[in-house]
Amino acid sequence: QVQLVESGGGLVQAGGSLRLSCAASGRTFRTYTMGWFRQAPGQEREFVSAISWSGGSTDYSGSVKGRFTISRDSAKNTVYLQMNSLKPEDTAVYFCAADLAFALSSYGGDYEYWGQGTQVTVSS
């Protein structure tokens with residue numbers, strides 16, 4: 001079992017920055033692909049970013065590419081999402097997730113473990 005806890009969300013003005021953290025506990029974390037997803041009220045869950053267990057491969061949705069950066073520190077069992085140039089449309093609950101796989105995936109159904117989410121609100 002893997003437990004994931006997100007933190008770092010909050011209220012920020014458009015153009016500002018936040019860094020989300022996902023602290024993992026449990027076994028085999030170092031072998032998991034990690035992803036970030038988000039969900040706004042009345043919307044479906046949306047893929048944001050993913051990173052391989054080695055950190056050597058990353059993927060981003062078109063809406064965040066160039067503004068967000070995903071990274072991981074395997075020694076600390078922590079994954080980060082640096083969010084710059086935030087826009088009101090980035091407002092959502094952000095979830096981190098873990099997928100025991102050899103390849104990256106943007107499909108939420110491929111991820112086995114999920115955190116509780118952290119709220120990000122961007123004011124206009």
Side-chain angles (χ1 to χ4, degrees):
Q1 182 75 19
V2 175
Q3 294 80 44
L4 307 174
V5 180
E6 303 95 333
S7 62
L11 175 64
V12 65
Q13 291 185 322
S17 298
L18 287 172
R19 188 181 75 161
L20 306 184
S21 298
C22 176
S25 61
R27 302 180 68 181
T28 69
F29 173 75
R30 68 177 65 183
T31 67
Y32 279 77
T33 294
M34 301 297 299
W36 286 96
F37 295 78
R38 65 188 183 186
Q39 187 168 24
Q43 307 277 313
E44 293 189 351
R45 182 177 56 199
E46 176 188 16
F47 170 76
V48 177
S49 185
I51 187 168
S52 64
W53 68 266
S54 68
S57 182
T58 59
D59 190 25
Y60 298 91
S61 69
S63 62
V64 307
K65 191 172 185 178
R67 299 188 297 119
F68 292 7
T69 302
I70 190 171
S71 62
R72 71 188 298 164
D73 186 338
S74 295
K76 296 181 178 180
N77 288 336
T78 302
V79 180
Y80 304 97
L81 186 68
Q82 179 65 46
M83 309 165 67
N84 298 328
S85 301
L86 283 163
K87 305 174 181 179
E89 51 262 45
D90 295 319
T91 295
V93 176
Y94 283 70
F95 300 89
C96 69
D99 173 24
L100 184 58
F102 294 111
L104 298 180
S105 176
S106 61
Y107 174 56
D110 286 337
Y111 290 80
E112 184 174 3
Y113 300 104
W114 294 81
Q116 85 290 346
T118 185
Q119 177 71 47
V120 172
T121 302
V122 184
S123 62
S124 60

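The model shown is predicted, which means the values in this text are computed figures rather than measured ones.
- The CG atom of Leu11 sits 9.5 Å away from the CD atom of Gln119 when rounded to the nearest 0.5 Å.
- In the hydrophobic clustering of ILVMFWY residues, with side-chain heavy atoms under 4.5 Å counting as a link, Leu100 and Val79 come out together.
- Thr118 contributes atom OG1, which lies 9.0 Å from atom CG of Leu18 (distance to the nearest 0.5 angstrom).
- Two residues are said to be in side-chain contact when any heavy atoms from C-beta on lie closer than 4.5 Å; Ser63 and Glu89 fail this criterion.
- With values rounded to the nearest 0.5 angstrom, Ile51 atom CD1 is found 9.5 Å from Thr33 atom OG1.
- Summarising the geometry of Ser52 relative to Leu104, their closest heavy-atom pair is N-CD2, 3.3 Å, with the distance given to 0.1 Å.
- If you chain together hydrophobic residues whose side chains sit under 4.5 Å apart, Trp114 and Leu20 never meet in one group.
- One hydrophobic cluster, built from ILVMFWY side chains closer than 4.5 Å, holds both Leu81 and Val12.
- With contacts defined as side-chain heavy-atom distances shorter than 4.5 Å, the pair Arg38/Asp90 qualifies.
- Taking each heavy atom of Phe68 and Tyr60 in turn, the nearest pair found is O-CE2, 3.3 Å.
- The backbone N or O of Asp59 lies less than 3.5 Å from a partner atom in the side chain of Ser49, making a donor-acceptor pair.
- Atom CD of residue Gln116 and atom SG of residue Cys96 lie 7.5 Å apart, to the nearest 0.5 angstrom.
- When all heavy atoms are compared, the tightest approach of Tyr111 to Ala50 is OH-CB, 3.6 Å.
- Both Leu4 and Val120 sit in one connected hydrophobic cluster of ILVMFWY residues. Membership requires side-chain heavy atoms under 4.5 Å apart, directly or through other members.
- Contact between Cys22 and Met34 at its shortest, heavy atoms only, is SG-CE, 4.3 Å.
- Of all heavy-atom pairs spanning Val2 and Tyr113, the tightest one is O-CD2, 3.5 Å.
- Between Phe95 and Glu6 the shortest heavy-atom distance is CA-OE2, 3.2 Å.
- In this structure a side-chain-to-backbone donor-acceptor pair under 3.5 Å is missing from Gln39 to Ala92.
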**Request:** Dump the intermediate steps for side-chain contact (heavy atoms from CB on, under 4.5 Å) on Ser105 and Asp99, then the final yes or no.
**Result:** CA-CA 8 Å; Ser105 176; Asp99 173 24; 4.2 Å; yes
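- The side chain to side chain donor-acceptor pair (under 3.5 Å) check on Gln3 picks up Ser25, with sequence neighbours excluded.
- Linking ILVMFWY residues whenever their side-chain heavy atoms come closer than 4.5 Å, directly or via other members, leaves Tyr32 and Phe37 in distinct clusters.
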